[in-house]
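Here the structure is a predicted model, which means the values were calculated and not measured. Note that the numbering runs from 1 along the sequence shown for the chain. Heavy atoms only: backbone and side chains are in, while hydrogens, waters and symmetry mates are out.
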Amino acid sequence: CIVFIYDKENKKITSFLNEIKKYEIHDIKCNDIINNKKDKFLSDLGNIKVITSDICGLGKSEKIKKMIRDENKKYFHFPLGGILSKDIIFSKLDNLLNRIKIDIKEENYKEIAIHLDLTESEEISIINEFFFSFLVTKFYINNESIIYIPKDISIYIEVPNCFEDYLSKFGILSIYNKEN
């Protein structure tokens with residue numbers, strides 16, 4: 001991603017890299033981030049839980065609904081799987097967030113929980129890109145349209161129990177709290 005800054009006074013476009021040179025640069029060591037900042041990093045990503053099971057039909061969906069009820073949050077179901085495209089995901093996500101905006105008071109997203117119900121799909125790369133956008137950046141972009149996902153929303157991801165290890169296809173989910 002390249003960012004350009006327009007300087008109105010001098011009427012010219014400058015590179016973001018030129019602008020960033022104005023600030024002090026601090027050295028960051030990877031071990032410090034991993035060892036000392038992991039909890040803060042995870043808490044900054046929001047309240048996200050991954051729910052799995054070893055056997056089909058054990059009640060993952062019911063467990064998620066109960067967890068959401070116990071937290072006194074409003075439940076919103078978001079199924080994702082099958083034949084997918086960015087257009088389909090964008091449309092479904094936009095509809096979901098519009099329903100949420102209608103149901104909440106004073107934009108209090110802490111009272112909202114989304115049950116992201118994964119089903120089997122061959123579109124692994126599209127789902128991985130969606131997870132990064134939905135869970136980390138909190139922006140989902142399709143063509144020139146952008147959706148912002150409020151960070152206060154709790155997200156429960158239900159991973160289907162398949163013949164192959166479906167969870168292993170989505171490495172990004174490994175950083176979140178997982179409950180089997």
Aromatic contact between Phe76 and His115, with the criterion being ring centroids under 6.0 Å apart: yes or no? no
Go through it in stages, so that I can follow the logic: the residues are Ile51 and Val159, the test is side-chain contact (heavy atoms from CB on, under 4.5 Å), and I'd like the CA-CA distance, side-chain angles, deciding distance and then a yes or no. CA-CA 6 Å; Ile51 309 297; Val159 180; over 6 Å; no
Go through the steps for Asn143 and Asp87 under the test side-chain contact (heavy atoms from CB on, under 4.5 Å), then give the verdict. CA-CA 9 Å; Asn143 297 325; Asp87 290 333; 3.9 Å; yes
Starting from the C-alpha separation in whole Å, work towards a yes-or-no answer on salt bridge (charged side-chain N to carboxylate O under 4.0 Å, His left out) for Lys49 and Glu71. CA-CA 14 Å; Lys49 292 180 182 130; Glu71 294 176 5; 3.6 Å; yes
Walk me through whether Val136 and Ile172 qualify under side-chain contact (heavy atoms from CB on, under 4.5 Å). CA-CA 9 Å; Val136 178; Ile172 193 168; 3.7 Å; yes
Under a 3.5 Å threshold, yes or no: a donor from one side chain and an acceptor from the other, between Lys73 and Ser154? yes
Acceptor/donor pairs from residues 63-70 side chains to any protein atom, 3.5 angstrom cut, sequence neighbours excluded:
| unit_1 | atom_1 | unit_2 | atom_2 | d |
| --- | --- | --- | --- | --- |
| Lys63 | NZ | Glu179 | OE2 | 2.8 |
| Lys66 | NZ | Asp70 | OD2 | 2.9 |

Taking C-beta and beyond as the side chain, do [X] and [Y] meet within less than 4.5 Å on heavy atoms?
X      : Y      : result
Leu116 : Tyr156 : no
Leu80  : Thr119 : no
Lys138 : Pro150 : no
Ile124 : Ile126 : no
Leu135 : Leu173 : yes

Measuring from atom [atom1] of [X] to atom [atom2] of [Y], what distance do you get when rounded to the nearest 0.5 angstrom?
X      : Y      : atom1 : atom2 : result
Ile149 : Ile155 : CD1   : CD1   : 7.5 Å
Ile146 : Phe90  : CD1   : CZ    : 8.5 Å
Lys60  : Thr52  : NZ    : OG1   : 8.0 Å

Checking [X] side chain against [Y] main chain: does a donor-acceptor pair fall under 3.5 Å?
X      : Y      : value
Asn180 : Ser53  : yes
Asn128 : Lys169 : yes
Lys151 : Asn47  : no

Sequence neighbours left out, cut at 3.5 Å: what donor-acceptor pairs do the side chains of residues 93-104 make with other protein atoms?
| unit_1 | atom_1 | unit_2 | atom_2 | d |
| --- | --- | --- | --- | --- |
| Asn95 | ND2 | Ser91 | O | 3.3 |
| Asn98 | ND2 | Asp94 | O | 3.2 |

Over all heavy atoms of both residues, which pair between Ser121 and Gly82 is shortest? Give the atoms and the distance, please. OG-O, 2.7 Å
Taking all non-hydrogen atoms of both residues, which atom of Asp117 and which atom of Ser61 are closest, and how far apart? OD2-OG, 4.4 Å
Anything under 30° is parallel, anything over 60° is perpendicular, the rest tilted; go ahead and classify Phe170 against Phe131. perpendicular
Full working for side-chain contact (heavy atoms from CB on, under 4.5 Å) between Ile127 and Leu84: CA-CA 8 Å; Ile127 295 173; Leu84 290 174; 3.7 Å; yes
Would you say NZ of Lys110 has more than 12 non-hydrogen atoms from neighbouring residues, nucleotides or ligands within 6.0 angstrom? no
Identify whether Ile88 and Ile141 are in the same connected component of the hydrophobic contact network (ILVMFWY, side-chain heavy atoms under 4.5 Å). no
Joint cluster assignment, Phe130 & Phe132, ILVMFWY side-chain distance < 4.5 Å: yes
Please determine which of Tyr109, Tyr140, Phe139, Phe134 meets the ring-ring contact (aromatic ring centres under 6.0 Å, His included) test together with Tyr148. Phe139
